[in-house]
Undergrad: 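Quick one: the structure is below, and I'll ask about it shortly.
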Amino acid sequence: MAIDIDWNGVTNLLLQTVQTLQQALLHLMHGLGITHDIDGQPAWPFAARLSGEVLVIDRSVTRALAGALAYSLLALLSLAAALIWRRFRIPLLLLAIAIGALTPWPDIGLLSQPASASSFHVSPTAFSAQAINRGERVYSQFCLSCHGADGKGNTRIGLALAIAPPNLSSGLLWRRPDGDVLWSIRHGKGEMPAFAEQISVADSWALIDYMKANAAGVNIRETGLWQRPVAIPDMELNCAPSNAARIADWHGQRVRLIVAPADGAALPLEDPRFQSLLLNAGARPAAAAATDTGRIGAIQCNNAAAESLHALSIITAIADQRLAGAQLIADRDGWVRALKRPANTANTADAADAWSDEDMLCRPPSASDSKPAAGKDSAAQGLEKLIATMDAEPIRFIKGGFYH
Ligand code: HEC
């Protein structure tokens, strides 16, 4: 009987284990004073680190590693049994040694990667609208000339270099640990100069957020989809009844972000399945038009900062002044999954609530392969299906290279 193994699940588990163990080791070493801080966080003291990247690309390595770990577990078990079970101590001990010696480990070279001192650094910015805006300003000052507005590096200066800049709007920023990107910015890489003297650590993290947001925008402009997961930009909330102060406080909830529609157009209906946020940067006051009677109740919180709107403009590639009426839906893990473009929102109440599969811009491959049954569903069913897909197919561990 063949055992049906969920290899994606095994890969995810191994990736997370490898990451967690290394992080624990780093914090232990830091706690013992073996390693110190660099750029505000504990420095990884080794030139290499274990990396699960190959596990995502090559299933055979995953099998080999899972096998080796299973063998090691057996060896440990028989060792434990040898300690407890005196009568069979010698044979059990020999068995443990034999299993240990015969365990076929995959080539360690495949599982290791060069590391920087900040490989394990964690971004403190939480992809906030503020950081994205800040990053954009720093980018145009220091990076634009080589990397270009679209991050592709096809600039006069970029192309004149011996090694041209990589395409920052490809998957690079999704594959590379944030900490390694931070290192490249602060300490240079190849033909790229170091910026540690000119740009603060905080601004360097902001740059990373901006580059990811911009890559998402370039992606949607070119393909109509987000091929890589995009987090909902964190932003401050102004909530009368609730205690939430930022979107991040809603982690674990589905979030619906509504850009205030132009005067006269209706807000969407109240919907208990979402935490709703109205972005009303100058568009219209929070308590809005007469058409909103019974609808404005849907909005728990609002945010009137122009930079929140601008962050959305960057990730959606819709100009700030054309965003009125747009809606974004984020899943419980904070990934933006669906976008309703303002052009689709006609001036009727129903249109603000009509969703279909086609609004789902960020979906796992299985879902995008199946043809969306457009047009047939009612508005309510469309949203129902969208929520079901979103919940049933969460976005997986992304640094491991899980595309969705
Ligand atoms: C003089 C041109 C130049 C400037 C200015 C420049 N870069 Fe680069 N950048 C490059 C080149 C060339 C590479 C490729 C380096 C390599 O892999 O050899 C690169 C690589 C990168 C990478 C990929 C790093 C990696 O880990 O592979 C990132 C991210 C990046 N640059 C961000 C920035 C940011 C942010 C700025 C502004 C603070 C900036 N760059 C300014 C030329 C430049």
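Numbering of ligands and ligand atoms starts at 1, following listing order.
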Undergrad: Relative to the heavy atoms of G190, which atoms of ligand 1 are at a distance of less than 4.0 Å?
TA: 18 (O)
Undergrad: Quick test of your reading of the model: are E384 and R273 salt-bridged, counting only N-O distances below 4.0 Å?
TA: yes
Undergrad: In terms of residue, atom name and distance, what is the protein heavy atom nearest to atom 16 (C) of ligand 1?
TA: K189 CG, 3.9 Å
Undergrad: Using a 4.0 Å heavy-atom threshold (strictly under), name the region of I199 that reaches ligand 1: side chain, backbone, both or neither.
TA: side chain
Undergrad: Look up atom CG in L309 and atom CG in N133, then write down how far apart they are to the nearest 0.5 Å.
TA: 10.0 Å
Undergrad: Check for me whether R49 meets the cation-pi criterion with W44, that is, NZ or CZ under 6.0 Å from the six-membered ring centre and within 45 degrees of the ring axis.
TA: no
Undergrad: Show every ring pair (Phe, Tyr, Trp, His ring centres under 6.0 Å) that has at least one partner inside residues 48-79, sequence neighbours left out.
TA: none
Undergrad: Please check: side-chain N/O of N303 versus main-chain N/O of E236, any donor-acceptor pairing under 3.5 Å?
TA: yes
Undergrad: What's the shortest distance from atom 5 (C) of ligand 1 to any protein heavy atom, and which residue and atom give it?
TA: F142 O, 3.4 Å
Undergrad: For Y139, is at least one N or O under 3.5 Å away from an N or O on ligand 1?
TA: no
Undergrad: In the protein, what heavy atom is nearest to atom 14 (C) of ligand 1, and what distance, to one decimal place, separates them?
TA: P166 CD, 3.5 Å
Undergrad: Check this for me, if you would: do K212 and D178 make a salt bridge, where the nitrogen-to-carboxylate-oxygen distance has to be below 4.0 angstrom?
TA: yes
Undergrad: Any heavy atom of M211 sitting closer than 4.0 Å to ligand 1?
TA: yes
Undergrad: Check each heavy atom of S184 against ligand 1 and say whether those closer than 4.0 Å belong to the side chain, the backbone, both or neither.
TA: side chain
Undergrad: Is the closest N or O pair between D180 and ligand 1 shorter than 3.5 Å?
TA: no
Undergrad: Which pair of heavy atoms, one from S128 and one from D209, lies closest together, and at what distance?
TA: N-OD2, 3.9 Å
Undergrad: Among all protein non-hydrogen atoms, which one is nearest to atom 7 (N) of ligand 1, and what is the separation to 0.1 Å?
TA: H147 NE2, 2.8 Å
Undergrad: Show the atoms of ligand 1 that are less than 4.0 angstrom away from any heavy atom in I185.
TA: 35 (C)
Undergrad: For ligand 1, which atoms have a heavy atom of V181 less than 4.0 angstrom away?
TA: 29 (C)
Undergrad: If I apply the N/O under 3.5 Å rule, does E191 come out as touching ligand 1?
TA: no
Undergrad: Would you mind writing out the side-chain donor-acceptor pairs for residues 160-172 within the sub-3.5 Å range, not counting sequence neighbours?
TA:
| from | atom 1 | to | atom 2 | distance (Å) |
| --- | --- | --- | --- | --- |
| N167 | OD1 | S169 | N | 2.8 |
| N167 | OD1 | S170 | N | 3.4 |
| S169 | OG | D150 | O | 2.5 |
| S170 | OG | N167 | O | 2.8 |
| S170 | OG | L172 | N | 3.4 |

Undergrad: Under 4.0 Å from a heavy atom of R176: which atoms of ligand 1 are those, numbered in the order shown and with their elements?
TA: 25 (C), 26 (O), 27 (O)
Undergrad: If you have a sec, work out which protein heavy atom is nearest atom 3 (C) of ligand 1 and how many Å separate them, to one decimal?
TA: C146 SG, 2.7 Å
Undergrad: Give the atom numbers and elements of ligand 1 that come within less than 4.0 Å of a heavy atom of L207.
TA: 35 (C), 38 (C)
Undergrad: May I ask you to identify the nearest protein heavy atom to atom 10 (C) of ligand 1, giving residue, atom name and distance to one decimal place in Å?
TA: M192 CB, 3.4 Å
Undergrad: Which protein heavy atom lies closest to atom 35 (C) of ligand 1, and at what distance to 0.1 Å?
TA: C143 SG, 3.5 Å
Undergrad: Taking it one step at a time, do D39 and S118 satisfy side chain to side chain donor-acceptor pair (under 3.5 Å)?
TA: CA-CA 8 Å; D39 296 340; S118 57; 5.0 Å; no
Undergrad: As an exercise, identify every atom of ligand 1 less than 4.0 angstrom from a heavy atom of I163.
TA: 12 (C)
Undergrad: If you measure from the Lys or Arg side-chain nitrogens to the Asp or Glu carboxylate oxygens, is any gap between R254 and D331 under 4.0 Å?
TA: no
Undergrad: Thinking salt bridges, do K152 and E222 make one under a 4.0 Å N-O criterion?
TA: yes
Undergrad: For A338 and W355, work out which heavy atoms get closest and say how close.
TA: CB-CZ3, 3.8 Å
Undergrad: Applying a 4.0 Å heavy-atom criterion (strictly less than), which segment of L168 is in contact with ligand 1: side chain, backbone, both, or neither?
TA: side chain
